[in-house]
There are 2 protein chains.
Amino acid sequence: MARKRSDDKRRRILQAAVKVFARKGYFAARVAEIAQRAGVADGTIYLYFRGKEDILVSLFDELMAEHVERARQQMQAVEDAPSRLRLIAEHHLRALGADRDLAVVFQVELRQSTKFMERFTASWLGRYFDLVGSVIEQGQREGTLRADVPRKLVTKAFFGTLDELVTSWVIGRKDYDLALLAGPAVDLLLRGAAAAGASASGRAVLSVATGRGGR
Amino acid sequence: MARKRSDDKRRRILQAAVKVFARKGYFAARVAEIAQRAGVADGTIYLYFRGKEDILVSLFDELMAEHVERARQQMQAVEDAPSRLRLIAEHHLRALGADRDLAVVFQVELRQSTKFMERFTASWLGRYFDLVGSVIEQGQREGTLRADVPRKLVTKAFFGTLDELVTSWVIGRKDYDLALLAGPAVDLLLRGAAAAGASASGRAVLSVATGRGGR
DNA sequence: ATCGACAATGAATCGAGATTCAGTAATCCC
DNA sequence: GGGATTACTGAATCTCGATTCATTGTCGAT
């Protein structure tokens, strides 16, 4: 029925997989269902992928390579670190907010096991963190960001906040525009939650927590 | 060999389950291995739990009820919202940082599927968010926290940051003291990452991001 | 129009492991 | 002591679905 393994078919399998993984969860997902939805025979899947796990991994690798690269390009549009963080945040939320099934796969299914998580962290997540980390460092150098906060901590707070926003959006059924949260989220990260006047918070509180918490 | 279904045996099964789930992952975990490690027969598991899934759910329900309650009590030790946030953060990081296997189960295994996640969010995570949210609200009322940031956003940033700190700690093999990050993390959340002088960040950046990001 | 090469098919295989349950043993109560 | 009750055991069962592979269909070349 065909001559050349079509990229098209491969893409259809991946698209079908996103839907099935998102709806059933990776383990409960049936290869047969992916095949059916992609309009190919069960066995065909194995001409394009080594197995079920390879589908998930490929999904992740291919989408991410593109994603991180775009984030890097987009942020070039502006110069200072704060603005760059805002663009990255927008990109992050817009990309996942555009496709709920894809977001489910990224927020939930790809975190199945420590095995995935590690592989994960080592490849794109690592690069993404490096990207954000370099912007933070730039900000500390140019003086727009506080230099007295560990870069890694800021990076994790940045990513962690975005990640939680996406997860909440995915789990809660409501569908608001995720990307609209980028502005407020970055504003919070930059300016902090403390009221302007309440300078007490800075020091006083630190001593309380550091000086022991209790049992 | 026994008369009364012992709580002790139930506890041993749960403890064994934490270790096996953490090391193998929920799906790859074998009920037989949990049984062996707990020192009971395979069938005994089914006297205490409905099945494999029920073990995971019970683990979560029981540990969490206790955990959230403790957080609530501990924070009473201080009055103002910023200090309370710091105690909650310490509690959160200390609890998970004390037992890596437990942390793996919470950060990774319990997020298997949207099914778990939803159940999850509905029960304890919901209550935890309510707890944090109420402290944020208190802070906005008492004037220690900015009132112009949506409470939910601050809550998600707070949780998201802690969550990411824990996940990084779990995935990276290094073992530093997780609880020590509570202070700096809350300080960052409260005071923000922007340098004191760089007031530009606040307004200028917002317009850039809001006024369109690019394709 | 015939052949060779390869893509695609999908029914059958095969392994794995959660769960069951018939049997065994401890404990209680008289 | 012994009968009743209930906890416990662990080998056998039973289901399920990923993967395989013998067969079929299509294409391009000659």
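Quick caveat: nothing in here was measured; it's all calculated off a predicted structure. To find a chain, count down the sequence lines: A is the first, B the second, and so on, and within it residues start at 1.
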Take atom CD1 of Ile13(B) and atom P of dA7(D), then tell me their distance rounded to the nearest Å.
-> 13 Å
Sequence neighbours excluded, which residues qualify as side-chain contact (heavy atoms from CB on, under 4.5 Å) partners of Leu110(A)?
-> Leu56(A), Phe60(A), Val105(A), Phe106(A), Phe120(A)
Report the distance from atom CD1 of Ile45(A) to atom C1' of dA18(D), rounded to the nearest whole Å.
-> 11 Å
Would you please name every residue forming a side-chain contact (heavy atoms from CB on, under 4.5 Å) with Ala16(A), sequence neighbours left out?
-> Ile34(A), Arg37(A), Ala38(A)
Starting from C1' on dA8(C), measure out to CD on Gln36(A) and report it in whole angstrom.
-> 17 Å
For Asp101(B), all residues meeting salt bridge (Lys or Arg N to Asp or Glu O under 4.0 Å), sequence neighbours excluded = Lys19(B), Arg23(B)
Residues two or more places apart in sequence or in another chain: which of them pass side-chain contact (heavy atoms from CB on, under 4.5 Å) with Gln76(B)?
-> Arg72(B), Arg84(B)
Whole-Å gap separating C1' (dG10(D)) and CD (Glu33(B)) = 17 Å
Check the distance between dT27(C)'s P and Lys9(B)'s NZ and give it to me in whole angstrom.
-> 10 Å
All N/O contacts under 3.5 Å from nucleotides 18-20 of chain C to the protein, with atom names and distances to one decimal?
from: dA18(C); atom 1: OP1; to: Ala29(B); atom 2: O; distance (Å): 3.3
from: dA18(C); atom 1: OP1; to: Arg30(B); atom 2: NH1; distance (Å): 2.8
from: dA18(C); atom 1: OP2; to: Val31(B); atom 2: N; distance (Å): 2.7
from: dT19(C); atom 1: OP2; to: Tyr46(B); atom 2: OH; distance (Å): 2.6
from: dT19(C); atom 1: OP2; to: Lys52(B); atom 2: N; distance (Å): 3.1
from: dT19(C); atom 1: O5'; to: Tyr46(B); atom 2: OH; distance (Å): 3.4

Atom OH of Tyr48(A) and atom P of dC6(C) are separated, to the nearest Å, by 15 Å
How close or far is atom P of dT20(D) from atom CG of Leu47(A), stated in whole angstroms?
-> 11 Å
Sorted by chain and number, sequence neighbours left out, side-chain contact (heavy atoms from CB on, under 4.5 Å) with Thr121(A) holds for Leu125(A), Ile171(B)
What one should report as the nearest heavy-atom pair of His91(A) and His67(A) is NE2-O, 3.3 Å
